[in-house]
Amino acid sequence: MRVFKFGGASVKDADSVKNVVNVLKQVGHENTLLVVSAMGKTTNAMEDIVNAYFKNKALLPTALQDMIDYHEAILMDLFADKNHPVFKSVNVLFEEVKGFLVWNKSPKYSFVYDQVVGYGELLSTTILSAYFNEIGIVNQWLDIRTCIKTNDNYRDAIINWEQTQENINKNVDRQKLVITQGFLGSDDNNFTTTLGREGSDYSAAIIAYCLNADEVTIWKDVPGVLNADPRYFENPCLLNSISYREAIELAFYGASVIHPKTLQPLQRKEIPLHVKSFINPLDKGTTVGKGRGIEPKVPCFIVKKNQVLMKLSSLDFSFIVEDSISELFKMLHDHKMKVDLIQSSAISFSVCVDNKFGNLEELLNLLKNRFKVTHHEGVSLYTIRHFDTEAITNLQKDKEILLEQRGKETVQLVVKN
């Protein structure tokens, strides 16, 4: 069985949905499972709804109506019969969102986030499944929340692999085209959980692992895995093949094409991963697999924006040793700070983190009780894999470097914006 993942850009409007059909006609859809993200920028818009719920409820009706109008416009373009049952199905989903926002009593942002934002994927797959059936591509719509079981760490849930595998093998019909959601799971109380932003890639890998799939293909609006993000670097080149290990390294440092958690389950069962273009589906793209190295071997550039660089030093010039480092990492963990770079000396410790959950101010107040703290917000972390002198020189040009760290294969630079 094959697992295909289509992201938000591939289903952003009616023409894009029709293009997914075109892709499947060219590459086939027998014994295939589709993992589909929310349409276009729906996840961002759903986040706006959550933020309005907590900060300014007067904005809620407009935010909700914008989402309703967006999806209804896509429906109107796809279905000639405006009495098609899918219109009612989509309306029911929006009524569920409104109902939740009325009866919810939880003050926890992450819980509310998962219950609301997850509807983006339920809407997209409901529309896609109905359209496929309408044009004669029979499929099974699957609510992945009944299959992927997790803990209740909302917005970044941990998979219960044993239960998930049992559920997927019980609920997936291998003889049909199956359409399901990325990004989502559910906890023991059947509340929706999410697997982290861009978690649909991870969903595809989880499903592939549980099904012993033959391959996974992530369909993107780029020709494959590039050696640099074209939004920030000029003239990136296509990587034809990458080993699992190299892809995991690139993902760890923040390469945006592949989600960091996606590769481990695929590597464990040696399931090849293809990254291909939904614009030119017959092009080869990039293959990630066992022992492929990287071809061509060129410097690979990665940038993470909006990072925080903190430099900590002891108040009394004493050494920063194991006890203080252990305490520091516990604080970082407790405040959900993802550590992207560390550098230490005898009396100082520098760390570059992603303030994903907005806990920086609280953390800084705690750290200042123990350390002398200086910090820079809004910095960029650049990583070059397989660097050479020219690559570093060009990257450093006209930039204020706050921190540099080099290894055998990798150099990292923290840059003030």
Polar side chain donor-acceptor pair, S37 to S200, under 3.5 angstrom = yes

Can you spot which of L122, D114, V117 makes a side chain to side chain contact (heavy atoms under 4.5 Å, CB included) with L184?
-> L122

Distance in Å, T374 OG1 paired with L312 CG, rounded so as to fall on 0.5 Å steps | 7.5 Å

Just by modelled atom types, is the A14 backbone N or O under 3.5 Å from a matching donor or acceptor in the D77 side chain?
-> no

Considering non-hydrogen atoms only, spot the tightest contact between N169 and Q165 and give its length.
-> ND2-O, 2.9 Å

Just by distance, do the side chain of E327 and the backbone of I325 share a donor-acceptor pair under 3.5 Å?
-> no

What one should report as the nearest heavy-atom pair of S129 and I179 is CA-CD1, 3.7 Å

Is I207 close to Y202 at the side-chain level, that is, under 4.5 Å between some pair of heavy atoms?
-> no

For G196 and F183 the tightest heavy-atom approach is O-CE1, 3.0 Å

With rounding to the nearest 0.5 Å, note down the distance linking CG in L366 to NZ in K368.
-> 11.0 Å

Taking atom types as modelled and ignoring hydrogens, do the side chains of R385 and T410 form a donor-acceptor contact shorter than 3.5 angstrom?
-> yes

So, S241 versus E295: side-chain donor-acceptor pair below 3.5 Å or not?
-> no

Under 3.5 Å, is there a donor-acceptor pair linking the side chains of N167 and T164?
-> no

Would you say K284 and N240 make side-chain contact, with heavy atoms under 4.5 Å?
-> no

For residues I218 and L273, determine if any side-chain heavy atom of one lies less than 4.5 Å from a side-chain heavy atom of the other.
-> yes

Axial cation check for F252 ring with K338, 6.0 Å and 45° limits | yes

The residue among T286, T287, T217 that forms side-chain hydrogen bond (donor to acceptor under 3.5 Å, both in side chains) with H274 is T287

Worked check of salt bridge (charged side-chain N to carboxylate O under 4.0 Å, His left out) between D143 and R145 = CA-CA 5 Å; D143 187 340; R145 297 174 298 176; 2.9 Å; yes

Give, for atom CG of L363 and atom CG of N355, the distance between the pair rounded to the nearest 0.5 Å.
-> 8.5 Å

With distance as the sole test, does D152 use its side chain to make a donor-acceptor pair with the main-chain N or O of D188 at under 3.5 Å?
-> no

Answer yes or no: is there a side-chain heavy-atom contact under 4.5 Å between L93 and V97?
-> no

Could you tell me how the ring of Y109 sits relative to the ring of Y113: parallel (under 30°), tilted (30 to 60°) or perpendicular (over 60°)?
-> tilted

Verdict with supporting geometry, S16 and N19, side chain to side chain donor-acceptor pair (under 3.5 Å) | CA-CA 5 Å; S16 299; N19 185 63; over 6 Å; no

Any donor-acceptor N/O pair, N91 side chain to F87 backbone, under 3.5 Å = no

Just checking, any donor-acceptor pair under 3.5 angstrom between side chains of D173 and Q140?
-> no

Atom pair SG/CD of C352 and Q405 - distance to nearest 0.5 Å = 10.5 Å

Is it the case that T193 and D187 place a side-chain donor and acceptor less than 3.5 Å from each other?
-> no

S110 and R155 have their tightest heavy-atom pair at OG-CD, 3.3 Å

Test side chain to side chain contact (heavy atoms under 4.5 Å, CB included), reference V351, set V339, V308, L403, output is V339

If every non-hydrogen atom of T43 is compared with every non-hydrogen atom of A38, which pair is closest and at what distance?
-> OG1-CB, 3.7 Å

Does the side chain of K269 come under 3.5 Å of the side chain of N212 through a donor N or O and an acceptor N or O?
-> yes

Got a salt bridge between D201 and K5, using NZ or NE/NH1/NH2 to carboxylate O under 4.0 Å?
-> yes

Do F278 and V20 touch side chain to side chain, with heavy atoms closer than 4.5 Å?
-> no

Search all heavy atoms of L75 against all heavy atoms of V90 and return the closest pair with its distance.
-> CD1-CG2, 3.8 Å

Should N417 and S380 be marked as a side chain to side chain donor-acceptor pair (under 3.5 Å) after you check the CA-CA gap, both sets of side-chain angles, and the distance that decides it?
-> CA-CA 7 Å; N417 293 328; S380 295; 3.0 Å; yes

Donor-acceptor pair between Y119 and E96 side chains, under 3.5 angstrom | yes

For the pair N151 (side chain) and I158 (backbone), establish whether a donor and an acceptor sit closer than 3.5 Å, ignoring hydrogens and angles.
-> yes

Does E95 come within less than 4.0 Å of K98, counting only side-chain N to carboxylate O?
-> yes

Gap separating the CG atom of L332 from the CE atom of M310, nearest 0.5 angstrom | 5.5 Å

Ring-face cation contact, W161 with R268, 6.0 Å cut, 45° max = yes

Side chains of Q181 and V36: does their closest heavy-atom pair fall under 4.5 Å?
-> no

Under a 4.0 Å N-O cut-off, is there an ion pair linking D340 with K304?
-> yes

Test item: side-chain donor near acceptor, H335 and E361, under 3.5 Å = no

For E162 and K149, run salt bridge (charged side-chain N to carboxylate O under 4.0 Å, His left out): C-alpha distance rounded to whole Å, both residues' side-chain angles, the deciding distance at 0.1 Å, then the answer.
-> CA-CA 9 Å; E162 183 176 350; K149 303 301 292 185; over 6 Å; no

Going from CD1 on I302 to OH on Y232, what distance comes out if it is rounded to the nearest 0.5 angstrom?
-> 13.0 Å

So, does K372 use its side chain to make a donor-acceptor pair with the main chain of S314 at under 3.5 Å?
-> no

Check for a donor-acceptor pair, side chain of E270 on one end and backbone N or O of L266 on the other, with a separation under 3.5 Å.
-> no

Can you find a side-chain donor-acceptor pair between T180 and W141 that sits under 3.5 Å?
-> no

Main-chain N/O of C147 paired to E166 side chain as donor or acceptor, under 3.5 Å | no

Does R231 offer a backbone N or O that forms a donor-acceptor pair with the side chain of D229 under 3.5 Å?
-> yes

